[in-house]
Amino acid sequence: MRVTAVSAPCKVNLYLGVHHETDDRGYHRVDSLMVPVALFDDVVVEDAPELSVSFSPALSIPVEKSGVWRAATMLAEALGEKPDVRVSVTRRIPGSAGLGGSSADAGAALRALAARWGVDALDPRVVDVARRVGADVAFFLDPRPALLGGAGDVLERTFPGFEAPLVLVMPRAEGGSTPAAYAEFDRSGAEPAGCDALCRALEAGDRAGVAASLANNLAPVACALCPEAGEVETWLRERPGVLAAQVTGSGTCSFALCEGPEAADAVAAEAASRGWRAWSTKTLGSASKVC
């Protein structure tokens with residue numbers, strides 16, 4: 001029996017710039033600068049009589065509606081293969097967080113299936129499937145610091161390895177859905193300011209410059225839908241050893257770039273003592289450290 005195991009890191013948005021214009025799919029134009037983070041789901045693909053997908057813990061939706069199921073069926077069709085596989089996902093990335101958990105799982109499944117069926121993960125057919133499954137999925141085909149345009153699904157450039165201690169903190173309250181966040185953005189959101197300064201800082205490996213250039217014009221919407229997310233973000237910025245903090249994606253998770261691992265550990269422990277879920281981790285500088 002062939003077994004392929006792939007790690008699926010989560011992501012944070014160092015920059016998220018949402019524009020009001022939309023494409024013919026109804027997706028907003030988005031500039032998204034993402035970095036992978038060392039909090040992982042595990043995806044295992046093995047031989048089976050027919051396609052089956054399982055999640056642990058289980059999803060709240062039927063597996064046939066999951067990104068992993070759609071990725072497997074769509075890639076099999078695109079490559080002329082039979083999806084005679086069992087895909088098992090062990091979930092650790094929190095959902096509804098802006099960390100890209102479901103996209104990470106789908107991207108990892110595509111990487112595993114592409115390898116099984118003898119094609120490169122960045123083969124245009126695989127990339128096309130990733131873009132059709134979801135906006136962030138293409139990033140997870142080769143998770144490394146990268147700027148994506150289009151709807152956040154078209155790779156524009158990658159950056160040298162950027163590794164930094166990081167804290168992730170989730171509020172107790174649930175936030176709004178991603179569609180709700182974009183609907184609210186359409187009513188009240190401001191146009192993005194651009195990410196040139198951040199790109200220069202990443203290219204130079206300037207951690208202080210990266211911290212000074214974080215931006216997310218969807219964060220005010222996320223905090224309006226979940227005020228506690230805004231409390232977490234503000235609290236993180238005030239902690240010793242924190243260089244900068246920001247809500248990631250459409251929320252509800254916030255992250256903090258830290259001066260060192262000890263500072264990250266201390267902030268995570270203090271956040272946990274307040275009843276928030278927290279992880280002391282780090283950004284990942286290259287895709288090779290993911291697989």
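Numbering starts at 1 and runs along the sequence shown.
Cluster membership check: Val87 shares its hydrophobic cluster with Trp117, using side-chain heavy-atom separations under 4.5 Å among Ile, Leu, Val, Met, Phe, Trp and Tyr. No continuous path of ILVMFWY side-chain contacts below 4.5 Å connects Val6 to Val129, so the two sit in separate hydrophobic clusters. Val167 and Met170 fall into different hydrophobic clusters, where Ile, Leu, Val, Met, Phe, Trp and Tyr are joined by side-chain heavy atoms under 4.5 Å apart, directly or via other members. The hydrophobic clustering, which links ILVMFWY residues whose side-chain heavy atoms are closer than 4.5 Å, places Val154 and Phe159 apart. Side-chain heavy atoms closer than 4.5 Å link hydrophobic residues (I, L, V, M, F, W, Y) into clusters, and following such links, possibly through other members, connects Leu122 to Val43.
Across Ala151 and Val30, no two heavy atoms sit closer than the pair C-CB, 3.9 Å. The two residues Pro83 and Ala72 have their closest heavy-atom pair at CB-O, 4.3 Å. The shortest non-hydrogen separation linking Thr283 to Ala164 is OG1-N, 2.8 Å. The two residues Gly67 and Val133 have their closest heavy-atom pair at O-CG1, 3.8 Å. Between Gly98 and Thr248 the shortest heavy-atom distance is O-OG1, 3.3 Å. Here the closest non-hydrogen pair linking Leu75 and Ala114 is CD2-N, 4.1 Å.
Between the side chain of Arg239 and the backbone N or O of Trp235 there is at least one donor-acceptor pair closer than 3.5 Å. The closest donor-acceptor contact from the side chain of Ser32 to the backbone of Leu16 lies at 3.5 Å or more, if one exists at all.
Taking 4.5 Å as the limit, some side-chain heavy atom of Leu236 sits within range of a side-chain heavy atom of Val267. For the pair Arg157 and Cys199, the minimum side-chain heavy-atom distance is below 4.5 Å. Using a 4.5 Å heavy-atom cutoff, the side chains of Leu148 and Asp153 are not in contact. Contact of the Trp279 side chain with the Pro94 side chain is registered, since non-hydrogen atoms from C-beta on lie closer than 4.5 Å. Under the 4.5 Å side-chain criterion, counting only non-hydrogen atoms from C-beta, Val89 is in contact with Val68.
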N/O donor-acceptor pairs under 3.5 Å from side chains in residues 208-232, not counting sequence neighbours:
| residue | atom | partner | partner atom | Å |
| --- | --- | --- | --- | --- |
| Ser213 | OG | Gly209 | O | 2.8 |
| Asn216 | OD1 | Leu218 | N | 2.8 |
| Asn216 | OD1 | Ala219 | N | 3.3 |
| Asn216 | ND2 | Val247 | O | 3.0 |
| Asn216 | ND2 | Gly249 | O | 3.0 |
| Asn217 | OD1 | Val18 | N | 2.9 |
| Asn217 | ND2 | Val18 | O | 2.9 |
| Asn217 | ND2 | Ala190 | O | 2.7 |
| Glu228 | OE1 | Arg172 | N | 3.2 |
| Glu228 | OE1 | Ala173 | N | 2.8 |
| Glu228 | OE2 | Arg172 | N | 3.3 |
| Glu228 | OE2 | Arg172 | NH2 | 3.2 |
| Glu228 | OE2 | Trp276 | NE1 | 2.8 |

Let me have the donor-acceptor pairs involving side chains of residues 44-65, under 3.5 Å, with sequence neighbours excluded, atom names and distances please.
| residue | atom | partner | partner atom | Å |
| --- | --- | --- | --- | --- |
| Asp47 | OD1 | Arg116 | NH1 | 2.5 |
| Asp47 | OD2 | Arg2 | N | 3.1 |

What donor-acceptor contacts under 3.5 angstrom involve side-chain atoms of residues 252-264, with partners at least two apart or in another chain?
| residue | atom | partner | partner atom | Å |
| --- | --- | --- | --- | --- |
| Thr252 | OG1 | Ser96 | O | 3.4 |

Are Leu168 and Val12 close enough, and set up right, to give a side chain to side chain contact (heavy atoms under 4.5 Å, CB included), and what steps lead you there?
CA-CA 9 Å; Leu168 303 172; Val12 295; 3.8 Å; yes
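For residues 81-105, no residue pair satisfies the ring pair (Phe, Tyr, Trp, His ring centres under 6.0 Å) rule, not counting sequence neighbours. Among residues at least two apart or in separate chains, there is no salt bridge (Lys or Arg N to Asp or Glu O under 4.0 Å) pair with a member in residues 93-110. Under the ring pair (Phe, Tyr, Trp, His ring centres under 6.0 Å) criterion, no residue pair touches residues 69-105, with sequence neighbours excluded. Counting only residues at least two apart or in different chains, salt bridge (Lys or Arg N to Asp or Glu O under 4.0 Å) contacts with residues 205-218 are absent. Contacts classified as salt bridge (Lys or Arg N to Asp or Glu O under 4.0 Å) and involving residues 27-41 (residues at least two apart or in different chains) are given here: Glu21-Arg29. Sorted by first then second residue, the ring pair (Phe, Tyr, Trp, His ring centres under 6.0 Å) pairs that include residues 130-153, not counting sequence neighbours, number zero.
Checked against Asp128 for a side-chain hydrogen bond (donor to acceptor under 3.5 Å, both in side chains), the options Arg132, Arg131, Arg125 give a single hit: Arg132.
Atom CG in Leu99 sits 12.0 Å away from atom CE in Met34 (nearest 0.5 Å). Expressed to the nearest 0.5 Å, how far CZ of Arg70 lies from CG of Leu110 amounts to 10.5 Å. Atom CG in Leu39 sits 13.5 Å away from atom NZ in Lys282 (nearest 0.5 Å). To the nearest 0.5 Å, atom CG of residue Leu198 and atom OH of residue Tyr15 are 9.0 Å apart. The distance from the CG atom of Asp136 to the OG atom of Ser103 is 4.5 Å, given to the nearest 0.5 Å.
Judged as a ring pair (Phe, Tyr, Trp, His ring centres under 6.0 Å), and not counting sequence neighbours, the contacts of Tyr182 are His28. The ring pair (Phe, Tyr, Trp, His ring centres under 6.0 Å) search around His20 returns Phe185, not counting sequence neighbours. Remark: Thr234 engages Glu238 in a side-chain contact (heavy atoms from CB on, under 4.5 Å) (not counting sequence neighbours).
Around atom CD of Glu174, no more than 12 heavy atoms belonging to other residues, nucleotides or ligands sit under 6.0 Å away. Remark: Glu156 CD is packed, more than 12 non-hydrogen atoms of other residues, nucleotides or ligands lying under 6.0 Å away.
The residues Arg187 and Glu184 are annotated as salt-bridged, a charged nitrogen and a carboxylate oxygen being separated by less than 4.0 angstrom. The pair Lys82-Asp84 does not meet the salt-bridge criterion, since no charged nitrogen lies less than 4.0 angstrom from a carboxylate oxygen. Note on Arg237 versus Glu233: salt bridge recorded, some NZ/NE/NH1/NH2 to OD/OE distance being below 4.0 Å.
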